[in-house]
Every structure is written in structure tokens, then in C-alpha cells.
Amino acid sequence: MSVRPRIAVLVFPGSNDDRDAAWALGALGADAQLLWHAEDELPRDTGAVVLPGGFSYGDYLRCGAIARFAPILDAVRAFATDGGPVLGICNGFQILCEAGLLPGVLRRNRDLEFVCRDVRLRVERTDTIFTACCEPGQELTIPVKHGEGSWYADDDLYGGLEAAGQLVLRYAEDCNGSVGDVAGVCNEERNVFGLMPHPEHAVDPLLGSGDGALLLAALVDAAHARTFAAA
Amino acid sequence: MRVTVLVRPKQGILDPQGEAVRESLRKLGFSVGGARVGRLVDLEVDEPSSQGARAQVERMCQELLANPLIESFEIEVEGT
């Protein structure tokens, strides 16, 4: 049996960061497998699931609104309910919000611009499996590239999430008008996490930053723990 | 039954698209105090009664056509 934990990277029509995510996870020690959205089961021994960036179903209606009906999403929902680690990046984050697996919603950026650059982020919470390799308050530099990444929650929801420690990542600079500068949130059980920045594009200093590897390596660790605890 | 759904950004929610439209209209010389941009969905619902159609479309809005966190919706049933 391979010691590389299996991570399923979902592929929707319009996904375009699936290969980058799979490559980065592979480089960090995972057995990353691309999985078409029309499948209705995750591969055997899946230790984590990644919903990658892109423009699933052409962003019709609202970003992520249609992808939530993909057959594979039922399996992902069951996996998440069972405690499995699920990471949504950019469009994957939008899908998880629309599917109700994460709180809030991603709106059009405040300035209507497609923001495509490196941004500085601050790690607010390290008590998640996704940020376990980071230090509290650590600054990360990871690129964003989105037109609809302005996260929104009303005051009640925001206050509840902050009190519960679910606001995991914030922008350390002005980015897109997100409420509270939130860049990434997790669910109450802390096993589902979504963020707008792209850690898979920042896994090698040669590409500008290696900070994304801190998040993805933690996911590989979590997948490993789940796979071998279950074995 | 023909039903039209109007989806709007909720009151108090920033609508950058509407702001951009308002600015552009001003540049054309129009005096516009405010603009909000939403979405319109025309539906043909297989349902003979207008009451039944309205109830169905209400559910469609809650489950898919609008995101209740940021959008409000209005349903117009033809002939009512």
C-alpha cells in the first residue's frame, strides 16, 4: 500500500486550476486524483477532497450555484459529514458556500475589478487541520485571481462566526471589499475550509512564494491521518 | 402558467454594479440618484392555478434562483 494519502481533486466543466492543485498536492506527497463531477463516488481510501478554482458551469446564475447539483457533491457532502477534510479554493469556496457547507456568500468585488495579484494574508486561527502548519498571526503571501471574491455575512452571522473561531484567514491588505477582510472560513466542525487565494499557485519560491505549501502540506497531513487511522 | 421572477440586491447591500451603472449614466448627462442591478427570470411553470404556480416559484427562489443572504425576490404571475 502506498504511503501517499489519496486526495480527490474534483473537476467540473469550467474548472481550470484542477491540474495545478493536483500537481502541487503530488509534489507535497499526496496521491492526487482528478475526479470528474459526474461520478457519484469518491475513490476508495480518499483521505481529503479539493474543490479547485475555475468557472464551473460558466458561473451561470451565481458563481457555484449550479455546481452544487453535480452528482459528486452528494458524496462530498457525506464525506464532510463523516469528518473528512474538504478544501475549496476560489470557485471551490464559492461552491461550498452555495452548497451550504460553508457560511456566507461570495459577491462581486467591491470595485468590480478582476483582482489578480499576490496578496498578504494573516492566519487568524491555527486550530484547524488546514492551518496546523502555520503560526498564529503569521503572514502569508499567496496570489488571488477572482472577480467575485468579496465574502459577505450579515452582522449576526459574522459575530457568530468570529465567536466560534471560524474566520481562519484575513487579507492583511485591501483586496476585494470582503466583510472583515475575511479571505477564508471554516465550518463549525472545522473540517471544511474555503479560501479565495490560491495556495496551489504558491508552492515554490521560484513562482514568487512558497507559502501556499504550508496550507496544502497540512491538508496532505490531514489526509494521511484520516487514511491511516481508518486502515 | 407564465411567471416572472425579479431578483434584486437586498436593501442595504452594496451593489457595485449598480454604482457603476449610475456613474456611467451620469457621464451620459442623465441625472440619476441611484441604480441597482438585479436579474430577471421568465418561467413557464407546469401548473394550472396561479396560486399553485406562485407557491412553487417561491420555493424555487428560496432553493436556487436567489441567495437569501444578499438577494430579495419578487414574483409576478401572469394575469394576477
Side-chain angles (χ1 to χ4, degrees), chain A residues 56-70 73-74 77 91 93-115 146-161 166 174-182 185 194, chain B residues 1-28 30 32-47 53-77:
Chain A
S56 60
Y57 301 92
D59 279 349
Y60 290 171
L61 194 62
R62 292 179 307 276
C63 301
I66 307 292
R68 95 170 203 247
F69 298 101
L73 254 286
D74 289 337
R77 196 181 289 278
N91 187 226
F93 184 16
Q94 295 165 337
I95 295 169
L96 291 172
C97 286
E98 282 284 344
L101 287 166
L102 285 176
V105 57
L106 283 313
R107 304 183 296 169
R108 190 70 67 93
N109 292 348
R110 181 196 52 216
D111 298 329
L112 292 178
E113 282 176 349
F114 190 94
V115 184
H146 60 247
E148 292 172 298
S150 181
W151 182 81
Y152 176 81
D154 62 24
D155 292 345
D156 284 353
L157 180 58
Y158 183 87
L161 295 173
Q166 290 174 245
D174 190 36
C175 181
N176 56 23
S178 280
V179 170
D181 288 325
V182 168
V185 300
Chain B
M1 192 70 63
R2 294 173 75 96
V3 181
T4 298
V5 178
L6 299 165
V7 181
R8 295 189 172 89
K10 264 188 183 171
Q11 286 283 340
I13 294 272
L14 178 71
D15 174 25
Q17 214 176 165
E19 297 274 311
V21 167
R22 189 193 61 182
E23 277 311 303
S24 303
L25 289 171
R26 281 185 178 167
K27 280 177 187 149
L28 286 172
F30 294 104
V32 179
R36 310 275 285 168
V37 176
R39 189 185 313 121
L40 181 149
V41 185
D42 276 328
L43 297 166
E44 288 272 0
V45 184
D46 290 333
E47 168 67 56
R54 182 177 291 278
Q56 270 200 50
V57 173
E58 177 104 26
R59 275 178 39 222
M60 292 180 200
C61 289
Q62 277 156 1
E63 290 175 31
L64 177 67
L65 299 178
N67 186 321
L69 282 176
I70 49 171
E71 294 170 333
S72 63
F73 59 85
E74 203 174 299
I75 298 169
E76 290 172 359
V77 182

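Here is the naming used below: chain letters follow the sequence lines, and residue numbers restart at 1 for every chain. The structure presented is a predicted model; accordingly, all values stated were derived computationally and were not measured.
Scored by the side-chain contact (heavy atoms from CB on, under 4.5 Å) test, A:Phe114 finds A:Phe55, A:Cys116, A:Lys145 as partners (sequence neighbours excluded).
Closest approach of B:Ala53 and B:Val3 over heavy atoms only: CB-CG2, 4.1 Å. The two residues B:Val7 and B:Leu65 make their nearest non-hydrogen contact at CG2-O, 3.9 Å. Listed here is the closest heavy atom pair of A:Leu112 and B:Ala20: CD1-CB, 3.3 Å.
Here the straight-line distance linking atom CG of B:Leu69 with atom CD1 of B:Ile13 works out to 8.0 Å at 0.5 Å rounding.
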Write out all chain A-chain B donor-acceptor pairs shorter than 3.5 Å, or none if the list is empty.
residue: A:Leu61; atom: O; partner: B:Arg39; partner atom: NH2; Å: 3.3
residue: A:Arg62; atom: NH1; partner: B:Leu64; partner atom: O; Å: 2.9
residue: A:Arg62; atom: NH1; partner: B:Leu65; partner atom: O; Å: 3.2
residue: A:Arg62; atom: NH2; partner: B:Leu64; partner atom: O; Å: 2.8
residue: A:Arg68; atom: NH1; partner: B:Glu63; partner atom: O; Å: 3.1
residue: A:Arg68; atom: NH2; partner: B:Glu63; partner atom: O; Å: 2.8
residue: A:Glu98; atom: OE2; partner: B:Asn67; partner atom: ND2; Å: 3.4

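At a heavy-atom separation below 4.5 angstrom, chain B is approached by A:Gly104, A:Val105 within residues 99-106 of chain A.
Between A:Asp181 and A:Cys175, every side-chain heavy-atom pair lies at or beyond the 4.5 Å cut-off. In this structure, B:Phe73 and B:Ile75 have side chains that are in contact, with non-hydrogen atoms separated by less than 4.5 Å. In this structure, the side chains of A:Ile95 and A:Cys97 stay at 4.5 Å or more apart for every pair of heavy atoms.
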(request) Report the C-alpha separation of A:Leu61 and B:Leu64 in whole Å, then their side-chain angles, then the decisive distance to 0.1 Å, and conclude whether the side-chain contact (heavy atoms from CB on, under 4.5 Å) test is met. (result) CA-CA 9 Å; A:Leu61 194 62; B:Leu64 177 67; 3.7 Å; yes
